[in-house]
Each structure stands twice: as C-alpha cells, then as structure tokens.
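Below is one structure, written out as structure tokens; comments come after it.
Just so you know, ligand 1 is whichever comes first in the structure, and atom 1 is the first atom listed for that ligand.
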Amino acid sequence: MIKRPDGTADLLPEQLAGWNRVERIVREVFGRYGYLEVRPPIFENTNLFTKSTGDTTDIVEKEMFTVPPRGETSDSYTFRPELTPGAIRSLIEAKAFAEKSFWKVFYWGAAFRYERPQKGRCRQFTQFGVEALGSEDPLIDVETIAVFADILKACGVARFDVRVNSLGCPACRGAFREKLKGILAPQIGTYCENCRKRIDRNVFRVVDCKVDAAKTASLPAITDNLCEACKDHFARVQRGLKEAGVAFVVDPKIVRGLDYYMRTVYEFSSPDLGSQSALGGGGRYDGLVESMGGPKIGGVGFASGVERVLIALEAANVTAPPAARLDFYAVAASPEARAPLFAIVQTLRAKGFAGDLDFEGRSMKAQFRSANKSGARFAVILGGDELAKSVVKLKNMADGGEQAVSIEEAAGMLAKGRTA
Ligand code: HAM
C-alpha cells in the first residue's frame with residue numbers, strides 16, 4: 001500500500017477529539033479578546049514568503065514546498081510555511097485599512113515546512129495565531145502574549161515558560177549588528193559552518209546557534225545596546241506583563257528565525273516537549289505591512305503549533321471528553337422494516353436527535369450489539385407489528401424497559417432521556 005508522506009499525520013476520530021477540544025478553546029479565547037478570524041489560501045505566490053518571511057531564513061532557504069511555474073502562469077507557488085504573510089496580504093488586498101486603521105485577526109490552519117521530521121517537528125503542521133495590525137503600543141505586544149498564555153492555561157498545559165527579548169529597531173539594531181560582526185569576525189573561523197555563512201547574511205542568527213552556544217554566551221546582549229525609544233518600549237512591555245500577571249523572563253538569546261521582527265520578540269516553551277521545545281513564538285514587525293504594499297503601521301503577533309500543544313497536554317494527562325452519545329440506535333426487526341425505519345430515523349434526526357442504524361443487513365442480535373457499543377440511551381425498534389400500528393418500540397438501554405409508542409411520544413422520551 002502507499003503510505004502517508006513522512007512528517008504528516010493521519011487524524012482519526014480518537015485523535016480528533018483532542019484536536020477539536022483545543023480548537024474550540026482557541027476560538028473561544030480569541031473571541032473573548034476580540035480577535036476576528038481570517039482564512040487566507042494555503043498556497044501563495046512564492047515571492048510573498050521570500051520577501052516577508054525573509055530570504056536569509058532557514059524557512060526560505062531550505063524548507064519551502066514550492067510548485068514551479070507551469071502552464072498559463074509564470075508564477076511559482078509555495079505552500080505556506082507560516083500564516084503571517086498571507087494574513088497580512090489578505091487585509092492589504094481587501095483594502096481593509098481604508099475601512100479601519102487597527103485590526104486584530106486570528107487564524108487556525110495548516111502550514112508546511114520541509115524539515116527533518118521528529119517528535120514535534122512535522123512537514124505538515126497546524127498553526128493558530130494572531131496578528132494585531134495598526135498600533136505601536138507596547139500594550140498590544142503584552143496582549144498577544146497574554147492571550148497565548150490564557151489559551152495554554154485554558155487547554156490545561158501545565159508547564160510553560162515565557163521568554164521575551166527586544167531586537168531593537170533598524171537604527172539601534174544596525175549599530176549593534178556592526179558591533180557583533182566586529183567582535184565575531186576575528187574568531188568566526190572557529191564557529192560552525194552555519195555561523196560562518198550567517199555572519200554576513202544575518203549575524204543575529206549566530207547568537208541563536210545551538211552548536212556554538214558556549215562561545216556565544218559571552219557576546220554582548222542586544223538589550224544592553226537599545227536606543228532610548230526601544231529601551232522605553234521594552235520597559236513598558238515588561239511592566240505591562242507584570243501588571244497583567246503574566247510570568248516571564250527576559251532572555252537576550254531569543255532572536256527568532258524570521259527576518260521581519262524588530263523590538264519585542266518572545267517564545268513560549270515547555271520542558272515536556274523534548275528538543276522541539278517551542279510551543280510558539282512571535283513578536284513585533286513594524287515596517288512589514290508597508291513593505292508588503294500596505295500602510296506604514298506597526299504590527300505584532302504570534303503563532304503556535306497545535307501538534308506541540310497536544311504533546312504538552314498528553315504530558316499533563318489532559319484528555320478530551322468522549323464524543324457526544326447517540327440518543328438512539330434504530331433496530332430493524334426484519335429486512336422489510338429497514339426502509340420505513342430509515343424514514344423514522346430521518347424524522348427523529350430532523351427533530352434534533354442523534355441516531356444511527358445498521359447498513360450491513362445484519363441480524364437483530366448484531367444490531368443490538370451495535371446499539372450497545374454506540375452508547376445510545378435508547379433503541380428504536382421497528383417490526384411488522386409496529387409498522388401495522390404506526391408505532392415504534394422504544395427500549396431503554398440502561399434498564400431494558402420497552403414500550404410501544406408513537407414517533408411523537410418517542411421524541412418526548414428521547415428528550416427526557418437527555419436530562420436523566
Ligand atoms: P515560528 O516560530 O516559525 O513563527 O513558528 C511558530 C510555532 O509553530 C513554533 O513555535 C512551533 O510551535 C510551530 N512549528 C513551526 N514549525 C513546525 C514544524 N515543522 N512542526 C511542528 N510545529 C512547528 C511563525 O511561524 C510566525 N509566523 C509567528 C508570528 C506570527 N510572528 C508574528 N506573528
């Protein structure tokens with residue numbers, strides 16, 4: 001047989017109970033904060049990602065699922081490795097900023113990165129996240145962190161850390177970049193191959209290097225090299241977090257793997273995740289919207305990987321409630337009763353009751369076995385006698401009691417059964 005591709009997952013009913021629970025909570029919490037949903041397409045013009053995610057990132061350099069130009073179009077398309085660029089593009093394209101200057105949007109959807117699969121690292125994964133567009137207020141940075149923390153708590157993620165940092169603005173970051181390069185240049189020969197490549201293209205990623213972590217520990221911290229405006233912004237983010245009761249630590253090592261960030265960046269991690277410890281991350285990206293053809297406005301957001309949230313929930317022994325029980329399972333006492341029984345099932349479903357029946361022409365005994373397995377409260381039985389009298393036999397699966405009733409009466413008893 002042909003198996004599913006590496007780095008993808010099949011979600012069957014058992015797993016989906018957990019997934020749907022998380023999705024329900026995510027939507028509920030985002031709703032409580034006033035974020036509105038957007039749903040951009042799953043693939044976009046490749047240029048959208050090379051220009052916004054950034055062409056020095058691992059994502060763009062190595063991990064994109066790209067479909068080369070073909071047929072009538074000269075465009076190359078890429079399955080989105082993240083949802084931020086598409087979400088912003090969709091608002092710019094809809095001229096949404098002409099209608100109002102500040103937008104808070106959220107999304108939930110698949111993303112694709114050609115990474116080496118391992119626990120918590122997939123080639124197709126699902127992200128939820130927010131983008132708050134149109135404000136440079138540090139309090140909105142705080143809100144995006146708070147909403148993510150609230151979601152994790154509401155889901156039941158027992159252990160997570162919030163680490164925040166500031167990357168400064170183009171002005172102070174430019175000066176710091178040169179300072180870092182000056183320090184690193186004489187010793188870069190002793191660093192790993194990636195760092196040697198990154199020193200010119202994106203020196204901040206050297207700070208982020210796992211291989212050379214011991215060497216980079218003594219490098220100066222960006223937080224000690226911020227301009228006054230960035231220092232003030234970062235101080236206000238920290239004060240806001242404290243006042244809102246969100247626990248966090250400042251970690252100058254957080255640089256994030258995407259090009260568009262400036263000022264606030266943050267990561268949420270969990271000790272329950274193993275080597276892929278990031279539950280999610282985000283930050284501020286003033287300038288990105290304008291560079292994509294939109295107005296000159298600030299923006300901040302985060303995204304989280306649902307697969308990783310579910311790993312953390314498993315570690316915390318959080319289980320999803322079982323699927324809702326059926327109200328009834330319908331049992332045909334003879335082959336002739338099957339079609340009229342189906343009509344009765346439809347009548348009861350139309351009244352809002354959940355019910356099912358056999359489609360394999362099985363014996364009554366086997367049908368009752370299915371009724372038991374389904375967890376239904378009642379069996380609705382139809383045979384020749386009932387057909388002749390226009391009634392059904394309603395059997396209470398818990399106590400075995402049976403009575404002949406009209407469809408209307410059956411509906412009344414099914415409704416009562418729900419509250420019993
Ligand atoms: P990111 O850090 O690249 O940021 O991804 C966010 C989260 O997505 C990660 O922390 C992780 O939980 C999950 N994730 C990423 N790659 C994988 C993978 N291969 N398998 C499983 N999960 C994965 C962004 O994507 C930014 N768009 C976040 C953002 C929004 N920044 C501002 N707004």
Which residue owns the protein heavy atom closest to [atom], what's the atom, and how far is it?
atom	answer
atom 32 (C) of ligand 1	Gly301 O, 3.2 Å
atom 14 (N) of ligand 1	Phe125 CE1, 3.5 Å
atom 30 (C) of ligand 1	Thr84 OG1, 3.0 Å
atom 11 (C) of ligand 1	Arg308 NH1, 3.4 Å

Test side-chain contact (heavy atoms from CB on, under 4.5 Å) applied to Tyr107 and Val130, step by step: CA-CA 6 Å; Tyr107 44 75; Val130 302; over 6 Å; no

Assess, by modelled atom type and distance only, whether the side chains of [X] and [Y] contain a donor and an acceptor separated by less than 3.5 Å.
X	Y	answer
Glu131	Tyr285	yes
Lys253	Asn165	no
Ser277	Ser269	no
Arg205	Thr57	no
Thr78	Thr66	yes

Closest candidate by heavy atom, reference atom 5 (O) of ligand 1, pool Arg116, Gln127, Glu82: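 Nearest option to atom 5 (O) of ligand 1, by heavy atoms: Gln127.
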
Show which atoms of ligand 1 fall inside a sub-4.0 Å distance from at least one heavy-atom site of [X].
X	result
Gly120	20 (N), 21 (C), 22 (N)
Tyr107	30 (C)
Ala303	6 (C), 7 (C), 28 (C), 29 (C), 30 (C)
Gly280	10 (O), 12 (O)
Arg121	19 (N), 20 (N)
Phe302	28 (C), 29 (C), 30 (C), 32 (C), 33 (N)
Cys122	18 (C), 19 (N), 20 (N), 21 (C)
Tyr261	26 (C), 28 (C), 29 (C), 31 (N), 32 (C)

N/O separation below 3.5 Å, Ala278 to ligand 1: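 Yes - when backbone and side-chain N and O of Ala278 are compared with those of ligand 1, one distance drops under 3.5 Å.
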
Leu279 N/O under 3.5 Å from ligand 1 N/O: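 Yes - when backbone and side-chain N and O of Leu279 are compared with those of ligand 1, one distance drops under 3.5 Å.
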
Lys231 and Glu228: CA distance, side-chain angles, deciding distance, salt bridge (Lys or Arg N to Asp or Glu O under 4.0 Å) verdict: CA-CA 5 Å; Lys231 220 186 275 176; Glu228 284 311 310; 3.3 Å; yes

Gly129 near ligand 1 by a heavy-atom separation under 4.0 Å: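 Contact absent.
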
Face-on cation placement of Arg123 at Tyr114 ring, 6.0 Å and 45° thresholds: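 Yes, a cation-pi geometry holds between Arg123 and Tyr114.
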
Lys395 charged N/C atom sitting above Phe378 aromatic ring, 6.0 Å / 45°: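 No cation-pi geometry.
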
Answer side chain, backbone, both or neither: which part of [X] comes under 4.0 Å from ligand 1, heavy atoms only.
X	result
Tyr260	side chain
Arg256	side chain
Glu131	side chain

Salt bridge Glu143-Lys104, side-chain N to carboxylate O under 4.0 Å: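 The answer is yes: the pair qualifies as a salt bridge.
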
Residue that, paired with Asp327, satisfies side-chain hydrogen bond (donor to acceptor under 3.5 Å, both in side chains) out of Arg349, Arg418, Lys351: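 With Asp327 as partner, Arg349, Arg418, Lys351 yield a single side-chain hydrogen bond (donor to acceptor under 3.5 Å, both in side chains), made by Arg418.
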
Mutual orientation of the aromatic rings belonging to Phe128 and Phe148 [parallel < 30°, tilted 30-60°, perpendicular > 60°]: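 Plane angle over 60°, so perpendicular.
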
